[in-house]
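For reference, the structure is listed below as structure tokens.
Nothing here was measured: the structure is a model prediction, and the numbers come from that model. Numbered from 1 within each chain, the chains take letters A, B, ... in sequence-line order. Both backbone and side-chain heavy atoms feed into the values below; hydrogens, waters and symmetry mates do not.
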Number of protein chains: 2
Amino acid sequence: MKAKLIGVGRATLAQEARAEIERMITEGELTAGEKLNELDLSMLMGVSRGTVREAIRSLADSGLVDLIANRGAFVHETTLSEVQNLYELRGAIFAMACAAAARRVGTGEERDLAAALAVNIDKMEGAQETEELATYYALNIEFHDMLMAAAGNPKAKVIYDNIKREMHLFRRKGLSIASNIARSLEEHRVIADAVTAGNEAAARDAANAHIQRGFDRYMITAGRSRETEK
Amino acid sequence: MKAKLIGVGRATLAQEARAEIERMITEGELTAGEKLNELDLSMLMGVSRGTVREAIRSLADSGLVDLIANRGAFVHETTLSEVQNLYELRGAIFAMACAAAARRVGTGEERDLAAALAVNIDKMEGAQETEELATYYALNIEFHDMLMAAAGNPKAKVIYDNIKREMHLFRRKGLSIASNIARSLEEHRVIADAVTAGNEAAARDAANAHIQRGFDRYMITAGRSRETEK
DNA sequence: AATATGTTGATTGTTGACAATATAAACCGG
DNA sequence: CCGGTTTATATTGTCAACAATCAACATATT
């Protein structure tokens, strides 16, 4: 028995349709470049075509879809060059966030972060030892999310999450996540140390270096994948 | 007599309606917190209400409007705390862009920037001497835009421009643009020198310092405005 | 007078029909 | 068989009508 939510948070059908389209895109049911057929989606979801249109229109600025007049909406295709740009942006924003987190730790505004980061890193070490890749990956996401949240800049987190999501439109082509866990984990430790020490500059540099090296690791994988295709 | 545009770039009515709503918001005809009445707008624009809905929905992620289920769309009200967050973000992205521009100057990818920056700074000096504030402001925008474009990261420019636009939702409350032209101009010179010298680190630091000091100057003005209101 | 309840009108959300445009299929000529 | 043109079909864009929700106002109760 579900109680109906009351008030501002209640979703319209169009909002629910949007969430479903987002899910289909991020989970790969709708692939990069694929066309969003309004009538198909409306029948699939059991709503009118107009409602699907509203949902799609609301994705206009999301980076997930491209709206082309009279031709429809297509899942955005993220090129390698775009991925590079997104990595650079992501690095700048993550660096800014870690610096802000370090500052807030230093002023006492942020109190629980050090302990939470330490727990997370312990768990990542465990996942590394038992070679549980999926667990490591989830903890990796948690690590980044904690730092983004600790920056106290909600707008930065929204943009950061959107960038990550947009980058997944490239990954969906079959590339696996680049993983050099030992290196990645060591970089996490450096970031956490700088942040918990309240050292803005060190946090900023370590965070940016971590993302850029992640990109380098990613490019190595992308390079290999190209050879496989040829 | 308006010529109809042909091809992929041709705008739908909903796209034109969106552009008009954006103009009304950024030019202050629709003020922060104001409700967007679909029927009023549709009569104003000579299109159906559904078309206005599509236009408004397409602004969902723009930062300009807040969509509230069953209550409608409201021009976003940017708080001072949000402005601070936006300044921080803007600084990080502008810093990243100036570093990238410096790198591209250093590798020869970007060839015309040094000359263009020099021309712009000359003109800003002229505007400073003749105390033409509007001219200085336009040149200031041009300076920033040139650097954002020279970074070769279109996504960064989109996000940067959106952030600037969103910040204007606060300015619309009557605050005038903080201006200390001599200081601002000197900071522009430092940025231009670092970029044209291909010095990434110096460009990054100078750019971020420039935006943060712009925020400091802005806060001084905001502080004064508060006293006026009390 | 203050508060609670009911009613009405305004507005938002959804749907289906029609118009406009793009795409696919069929047709024709060389 | 191929390329160009015409026709048919599919899809997108717009509109208007109906349903659902909210806000404002009127009335009843304490």
Given [options], the nucleotide with the shortest approach to the side chain of [X]:
X: A:Glu54; options: D:dG13, C:dT14, D:dC15; value: C:dT14
X: A:Thr12; options: C:dT14, D:dC15, D:dT11; value: C:dT14
X: A:Thr51; options: D:dT12, D:dT14, C:dT14; value: C:dT14
X: B:Leu13; options: D:dC22, C:dG13, D:dC15; value: D:dC15
X: A:Arg71; options: C:dT23, C:dT12, D:dT14; value: C:dT23
X: A:Asn70; options: D:dT14, C:dT21, D:dC22; value: C:dT21

Quickly work out the [X] [atom1] to [N] [atom2] distance and round it to whole Å.
X: B:Leu41; N: C:dA10; atom1: CG; atom2: C1'; value: 15 Å
X: A:Arg53; N: C:dT15; atom1: CZ; atom2: P; value: 15 Å
X: B:Asn37; N: D:dA23; atom1: CG; atom2: C1'; value: 13 Å
X: B:Phe74; N: D:dC22; atom1: CZ; atom2: P; value: 12 Å
X: A:Glu38; N: C:dT21; atom1: CD; atom2: C1'; value: 13 Å
X: B:Arg18; N: D:dG13; atom1: CZ; atom2: P; value: 15 Å
X: A:Glu16; N: C:dT14; atom1: CD; atom2: P; value: 9 Å

key: Carboxylate-amine/guanidinium contact B:Lys35 B:Asp40, below 4.0 Å   =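 B:Asp40 and B:Lys35: not salt-bridged.
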Salt-bridge criterion met for A:Glu22 and A:Arg165 (N-O under 4.0 Å) =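 The answer is yes: the pair qualifies as a salt bridge.
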task = Can you sort out the partners of A:His76 under ring-ring contact (aromatic ring centres under 6.0 Å, His included), two or more places apart, ordered by chain and number?
result =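 Partners of A:His76 by the ring-ring contact (aromatic ring centres under 6.0 Å, His included) criterion come out as none, since no residue qualifies.
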query = Is any N or O donor-acceptor pair between the side chain of A:Arg57 and the base of D:dG13 shorter than 3.5 Å?
reply =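 When only heavy-atom distances are counted, A:Arg57 does not reach the base of D:dG13 through any donor-acceptor pair under 3.5 Å.
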inquiry  = Quiz question: going by heavy-atom distance under 3.5 Å, is there a donor-acceptor pair between the base of D:dG13 and the side chain of A:Arg49?
reply    =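 Result: at least one qualifying N/O pair found.
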ask   = Do B:His188 and B:Asn120 have side-chain N/O donor and acceptor atoms under 3.5 Å apart?
value =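 Looking only at side-chain atoms, B:Asn120 and B:His188 do not form any donor-acceptor pair under 3.5 Å.
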ask   = Quick one: do the A:Thr31 and A:Glu34 side chains pair a donor with an acceptor below 3.5 Å?
value =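 Result is yes, a qualifying pair exists.
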Using a heavy-atom cut-off of under 4.0 Å over every strand shown, decide if [X] touches base, sugar-phosphate, or nothing.
X: B:Gly50; result: nothing
X: B:Ile56; result: nothing
X: B:Leu67; result: nothing

inquiry  = Just N and O in the side chain of A:Lys35: are any of them under 4.0 Å from OP1 or OP2 of D:dT11?
reply    =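 So the side-chain polar atoms of A:Lys35 never come under 4.0 Å of the phosphate oxygens OP1 or OP2 of D:dT11.
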key: Residue closer to the 5' end of DNA chain C, B:Ala73 versus A:Gly46 (nearest nucleotide)   =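 In this pair, the answer is B:Ala73.
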